[in-house]
Protein chains: 2
Amino acid sequence: MDLNDRKFKILEAIITDYIKTAEPIGSRTIAKKYDLGVSSATIRNDMSDLEELGLIVQPHTSAGRIPSDRGYRLYVDKMMQSQELSPEVADLLHNVVENNIGQIDYLMQQTAKALAALTNYTIVVTEPKSQKLSIKHVQLVPVDERSVVAVIVTENKSVKNHLLRVGSVPDIEQLNNISQAINAAIQNYSLQDMESIASAMLQAHPENRELVTKLLKAILTAVKQNDNVHYYTSGVNNILGFPEFSDVEKAKSIFRALEEKDMLITLFDKNGEHNDEVHIVIGGENNMKELQDCSIVRADYSYGNDSYGTIGVIGPTRMNYSQTVSVLSAIIKNLETVIKSISDGKNKEGKNG
Amino acid sequence: MDLNDRKFKILEAIITDYIKTAEPIGSRTIAKKYDLGVSSATIRNDMSDLEELGLIVQPHTSAGRIPSDRGYRLYVDKMMQSQELSPEVADLLHNVVENNIGQIDYLMQQTAKALAALTNYTIVVTEPKSQKLSIKHVQLVPVDERSVVAVIVTENKSVKNHLLRVGSVPDIEQLNNISQAINAAIQNYSLQDMESIASAMLQAHPENRELVTKLLKAILTAVKQNDNVHYYTSGVNNILGFPEFSDVEKAKSIFRALEEKDMLITLFDKNGEHNDEVHIVIGGENNMKELQDCSIVRADYSYGNDSYGTIGVIGPTRMNYSQTVSVLSAIIKNLETVIKSISDGKNKEGKNG
DNA sequence: GTTAGCACTCACAACGATTGAGTGCTAACA
DNA sequence: TGTTAGCACTCAATCGTTGTGAGTGCTAAC
C-alpha cells in the first residue's frame, strides 16, 4: 500500500490536531477543518489504510484515531517542518547563555529553567564531561582556623571546591607554597602516578603532612567524581499539566523514573561519540517502561575540545516535536558559539599543557 | 464545657487513627478498637461535645469525625508524646551530618534527602545566612587563558566561586599579589567603602585594571547575594503519595507554591530572632491558601556565631507530628554539635578578625 | 451518667437507559 | 477505479434511579 499525498495530509492533520488537543480525531472533523476536497467517507477509507499501516490507532471502536509511535516517527523523519523561532525567544535563549557563561552550574540551571519555561516540558541538562580528565590547577584557600578549601580546576574548566578539615591551618604564604608544589608535581608526574606525587609532596612539606594527605585525597576524589554525571532538571512539574498524566499513579511513576540517576544514563546513552544531530526517541522506542508514554528529544553540546554534555527534553509522546527541536537546536548553537568565543584565545596562544 | 480524661482519649484516638488512615472515624470504630469501657453511644455524646468545641469536624452528616486544625493544635501542644528515635535512625542522621560537614551545599542537600526519605514528607532546607556579612578572604585562581576564578570566603564560612572573563590572565605570581592586595584592602577599609578599596587596588595594579574591576564587582555581587535565601528541597514528590492530594489540581497548586521563593520567605518568616524551639504551623494557621491543607514543622539551626538556617518539613495536616518533631530535633542537634566541634578552635585561638 | 434502640442522613456503588461521536460496509455514481 | 451517501452498529460517557451501609442524633429507660 502506498501513501498518496492525501493520506500524508490526513496523517499530518491527525498528528497536529492530537498534539494540540489530546483528543482522538474523527473523519468528519478532518473533513470540516482541513480543506481536502473530499467527503468524510473518503477520509474514513484513508484512515482505515493508515491504521492498517500501523501509523494511527483507535483507542476504542467508537472513537476517532490517534497517532501511533510509528506515526510520530514517520512524521518526525519525513514530514515535520522546521519552525522559525520568534526573535524574542531567540533573544531570550541567547541572553540566558551569555549572562551565565561564567558559572557552569548556574549556566546549566538557568538553561534548564529557560527551556522548561519555553517548552512546558521537563528538561534535563548534564554538566559537560570530559572523557579523559586531568587536573590543571590547584589552589588552597584558608577558610577558618581549622579548614582550608582546595579549589581544583580541571582541564575541562570545571572548578570544584573541596573543604579540608585539619588540625591547624598554615599561613597564607605556606598555603601558596604547597599549592605551587602540588601544581608542579602534577605537571611532572602523571595523575596515575599518585604514589610519586604523594612522596614528593610529603618530602617537601613534612610539617603539613595532614593537609597534604587530605589534599591528595581530594584530588583523587575530584578525578573519580568525574565519572559521576552531574545533572540539573527543571520543569518536572510540567508533567502534571498534561491530561495523559492526570492519573496520579502515572505521574508518580514518571517522577520516580526521573529521580533515578541510572535512568538518565540509560536515556542519554550515546552508543558512542558525541555528534551534532538532534535525537528523538518516541514513546516505546525507549526501553524504560515508566517512560513509554513519553518522548525524549536530546542533543549534545560540546564544551571545549573533548568535553561535552547533553540537553534532553522529556514530554508526552504527543509533544510539539517541531518547536522542541527548534528551541533545542538554538540553545545548543548559542552554547557552542559562546563557549567557542571564550576559548578562542587558547588555541592561538597555546601556552598551557 | 470541660474535657475529661475520656474525651481526651477519644480525641487522641481520632487523631492517631486519622493520621494513619486518612479516613473519618466513627463512634463504633473507637468503641471497638480502643478499650474505653463505654458504649458507642456514650462516645457519640462525647464526640458531639468535642465537635462543639471545634476540635473535630464531620466532613458530611453521615460520616465519622476528623480532627480540625484546632484539634491538632491541642494535640500538638498538650497531648503529644515525644517519640524515641531508633538507634538506626539516630545513626543515619548522625552520619549524614558527619560525612558532609565539609561541603555546605552537599550537607544541605544530603540532609534534605535523608529527612525526606525518613519522614516521607517534603523537606526545605535553607543555607545558613548571616545577618551581617563580611568577606574574610579572596583568592584568584587561573582557569584558562581568558578566565580566572575568584574564590570568595565569607566570615560565615561560605565559599563561593565567581568566574571572571578577562582579555588576558596574569601569571600565578601576579594573581597571588592581587589576591593579597585585595585581602589587605578589605581589612583596611570597610566593605561599605568600596570606593576606597577600588581606588587603592587600581592604583596598585594599573596593568590589571580589567581583572581588578571585575573582581570588585564579583565581591559586591557576593555581598548582595547574601540577601538571597539559598535553599534546597527534597521529597517534593512525596506529596503525591497522600490521598488528600490525589487530585492533580491540588497537587499542582502545592507544587507551584513550593516552587515560589517568596513562599518560603513567608513560610519561614521568623518574626524576629533565631530560637531553639521547633515550630509547628497547622493547616490554615499559615496564610497561604495553597498550603491550607498542609502543616509545616520547622526549626532553626545555628551555624557559627550569628549565622543560622532553617529546616522545614511540609506534609499534610494529617502528618505524624510526633515523629517529625523527633527527627527534626535530632538532625538539628547533630548539625549544631558537629558545627560547634569544628569551630571550637576559633574562639580559643581568636586570631582572625 | 450510660446505654439500647430507632429513625434519619447521605456518600457511594451498581444498574440501566440515553446520547452521540465515530466507524465499517454497501450500493450507486462519475 | 475512486468517491460518496446512507445506514446499521459500537461503545464511552452521562445521567437519573435505586439500594446499601456507615454513621449520626435523639429519646426513653436503666
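The sequence lines fix the lettering, A, B, ..., with proteins before strands; numbering per chain opens at 1.
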>> What is the separation between atom CD on B/E52 and atom C1' on D/dC26, rounded to the nearest whole Å?
In response: 15 Å

For a quick test of your reading: what N or O donor-acceptor pairs under 3.5 Å do the side chains of residues 20-28 of chain A make, sequence neighbours left out?
| from | atom 1 | to | atom 2 | distance (Å) |
| --- | --- | --- | --- | --- |
| A/T21 | OG1 | A/D17 | O | 2.9 |
| A/T21 | OG1 | A/E23 | N | 3.2 |
| A/S27 | OG | A/R44 | NH1 | 3.3 |

> Atom CD1 of A/I56 and atom C1' of C/dT23: how far apart are they, to the nearest Å?
Replying inline: 12 Å

>> Can you build the contact string for nucleotides 1-15 of chain C? Use B for base contact, S for sugar-phosphate-only contact, and - for no protein heavy atom under 4.0 Å.
In response: -SBBB---BBS----

>> Looking at B/N286 and B/G283, would you say the former's side chain and the latter's main chain have a donor-acceptor pair under 3.5 Å?
In response: yes

> What integer distance in Å separates B/I14:CD1 from D/dG23:C1'?
Replying inline: 13 Å

>> Any salt bridge linking B/K252 with B/E249? Criterion: basic side-chain nitrogen under 4.0 Å from a carboxylate oxygen.
In response: yes

> In whole angstroms, how far is the P atom of D/dA22 from the CD atom of B/Q58?
Replying inline: 16 Å

>> Using whole Å, what does the distance between atom C1' of nucleotide D/dC26 and atom CG of B/D49 come to?
In response: 14 Å

> Do A/S295 and A/Y321 get their side chains close enough for a donor-acceptor pair, meaning under 3.5 Å?
Replying inline: yes

> Do side-chain atoms of B/S322 reach the backbone of B/S82 as a donor and acceptor pair under 3.5 angstrom?
Replying inline: no

> Looking only at heavy atoms, which two atoms of A/I314 and A/C294 are closest? And how far apart?
Replying inline: CG2-CB, 4.1 Å

>> Would the distance check show the side chain of B/E12 and the main-chain N or O of B/Y75 forming a donor-acceptor pair, the cut-off being under 3.5 Å?
In response: no

> In whole angstroms, how far is the P atom of C/dG20 from the CD atom of A/E23?
Replying inline: 17 Å

>> Check this for me: does any side-chain nitrogen of one of A/E51 and A/R65 sit under 4.0 Å from a carboxylate oxygen of the other?
In response: yes

>> Is A/R65 close enough to C/dG24 that one of its side-chain N or O atoms is under 4.0 Å from OP1 or OP2 there?
In response: yes

> What integer distance in Å separates B/M47:CE from D/dG23:C1'?
Replying inline: 9 Å

>> Dot-bracket, 5' to 3', for DNA chain D please: Watson-Crick or G-U pairs under 3.5 Å, [ ] where pairs cross earlier ones, | where the partner sits on another strand, dots elsewhere.
In response: ||||||||||||||||||||||||||||||

>> Nearest whole Å is fine: how far is D/dC26 P from B/E51 CD?
In response: 11 Å

> Which heavy-atom pair separates A/N4 from A/K7 by the least distance, and what is that distance?
Replying inline: OD1-N, 2.8 Å

